[in-house]
Amino acid sequence: MLPKRLQATDLAYYLLLPLVLAFSLYPFAYAIASSFKQGSALFSSDFWPKSWSAANYVAVFAEQPFGQNLLNSVLVAGGVVLLSLTVSLLAAYALGRVQFRGRGVLMMTILGVSMFPQVAILSGLFELISWLGLYDSLWALVLSDLIFTLPFTVWVLVTFMRELPRELEEAALMDGAGVLTVIFRIFLPLLWPAVAATSLLAFIAAWNEFLFALTFTLSGEQRTVPVAIALISGASSYELPWGNIMAASVIVTVPLIVLVLIFQRQIVSGLTAGAVKG
């Protein structure tokens, strides 16, 4: 009876897998196909273009500072990941290894911060950004994105930090190692799967963030790619340049796909390790 159940499960898996892949990959395949079309071909029923043209990709970089926008997104997402991990590792050590009163309340407060929608804190955050003199700068985006990446990274790293053996920490402290040495030179290599997973998810969240980037930047040279794509315009107010938008979307999406493919093992290991004990 058991082998039959396993065979039925395997059959259902192989039948559903192509449907799930088609459903997931179709939007990206359509964007790729549309990015190489021009003129009336964008509205034809043919999925793949009859004549391939890279003019849309050239126009994306020629008509606006899209290269600078890409660099801005890299700097913002990289800064968010670096600051998130630095602060999260310190916070995870304090919350996961140090016993103090109110630790549970503090953890719930950190989690509660991530539940607020962006619009709810937009006005207050705008006042803070203006008071700090960071308006229309990349630092404004780095600071604002930390509000949503820090709670997630702290919670994930606290879970892993609690599982590390205390004997390792005690031995390092007995040898004269300081707290920072224990965190960054002893614990960090052991936390690599969790760090890789949280880093990539924080990078994706900062890379795709739109509302803060639209609100806290004004000049075209300070915009990130989500805002730059949203503001792509045609020759007139009645024209929507689908080809340019699709080309820009492909350019922005490809790096994320490459990163996920490179770190997929670390992501799965980081998000599932510790879920089952024993």
Under the side chain to side chain contact (heavy atoms under 4.5 Å, CB included) criterion, do Val258 and Val254 qualify, and how do the steps go?
-> CA-CA 6 Å; Val258 172; Val254 166; 4.2 Å; yes
How far apart are the closest heavy atoms of [X] and [Y], and which atoms are they?
| X | Y | result |
| --- | --- | --- |
| Tyr57 | Phe61 | O-CD1, 3.2 Å |
| Gln38 | Ser53 | OE1-OG, 3.2 Å |
| Met246 | Ser34 | CG-CB, 3.6 Å |
| Ala77 | Ala206 | CA-CB, 3.8 Å |

Okay, side chain of [X], backbone of [Y]: is any donor-acceptor separation there less than 3.5 Å?
| X | Y | value |
| --- | --- | --- |
| Asn72 | Leu138 | no |
| Ser144 | Leu141 | yes |
| Thr86 | Leu83 | no |
| Asn69 | Gly220 | yes |
| Trp155 | Met107 | yes |

Verify the neighbour count for atom [atom1] of [X]: are there more than 12 heavy atoms of other residues, nucleotides or ligands below 6.0 Å?
| X | atom1 | answer |
| --- | --- | --- |
| Phe210 | CZ | yes |
| Arg185 | CZ | no |
| Trp139 | CH2 | no |

Less than 4.5 Å apart, side chain to side chain, heavy atoms only: is that true for [X] and [Y]?
| X | Y | result |
| --- | --- | --- |
| Ile232 | Glu63 | no |
| Ile129 | Thr215 | no |
| Thr224 | Thr217 | no |
| Val156 | Leu201 | no |
| Gln118 | Glu209 | yes |
| Phe66 | Ile251 | yes |
| Ile229 | Ile245 | yes |
| Ile204 | Val260 | yes |

Residue pair Phe36, Asn56: steps toward the side chain to side chain contact (heavy atoms under 4.5 Å, CB included) verdict = CA-CA 7 Å; Phe36 289 99; Asn56 293 324; over 6 Å; no
In terms of hydrophobic clusters joined by side-chain contacts under 4.5 Å, are [X] and [Y] together?
| X | Y | value |
| --- | --- | --- |
| Leu231 | Leu71 | no |
| Val227 | Val119 | no |
| Ile183 | Met174 | no |
| Leu25 | Leu19 | no |
| Val195 | Ile262 | yes |

Would you give the length of the straight line joining atom [atom1] of [X] to atom [atom2] of [Y], rounded to the nearest 0.5 angstrom?
| X | Y | atom1 | atom2 | result |
| --- | --- | --- | --- | --- |
| Gln222 | Gln68 | CD | CD | 7.5 Å |
| Ile121 | Ile147 | CD1 | CD1 | 4.0 Å |
| Leu191 | Tyr93 | CG | OH | 12.5 Å |
| Thr149 | Leu85 | OG1 | CG | 9.0 Å |
| Glu169 | Phe187 | CD | CZ | 4.5 Å |
| Leu180 | Ile186 | CG | CD1 | 11.5 Å |

Applying ring-ring contact (aromatic ring centres under 6.0 Å, His included), name anything that partners Phe148, two or more places apart in sequence or on another chain.
->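 Phe148: ring-ring contact (aromatic ring centres under 6.0 Å, His included) contacts with Phe212.
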May I have the step-by-step check of side chain to side chain contact (heavy atoms under 4.5 Å, CB included) for Phe216 and Leu125, ending in yes or no?
-> CA-CA 10 Å; Phe216 300 144; Leu125 194 58; 3.8 Å; yes
Cut-off 3.5 Å, side chains only: do Thr153 and Ser84 have a donor facing an acceptor?
->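 Their side chains do not contain a donor-acceptor pair, so the 3.5 Å distance test is not met.
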Determine, using ring centers only, whether Phe126 and Tyr135 are less than 6.0 Å apart.
->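 Yes: the rings meet the under 6.0 Å criterion.
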Using the test salt bridge (Lys or Arg N to Asp or Glu O under 4.0 Å), find all partners of Arg101 that sit at least two apart in sequence or belong to another chain.
->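 None.
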Yes or no on side chain to side chain contact (heavy atoms under 4.5 Å, CB included) for Val80 and Phe203, after CA distance, side-chain angles and deciding distance?
-> CA-CA 7 Å; Val80 169; Phe203 185 91; over 6 Å; no
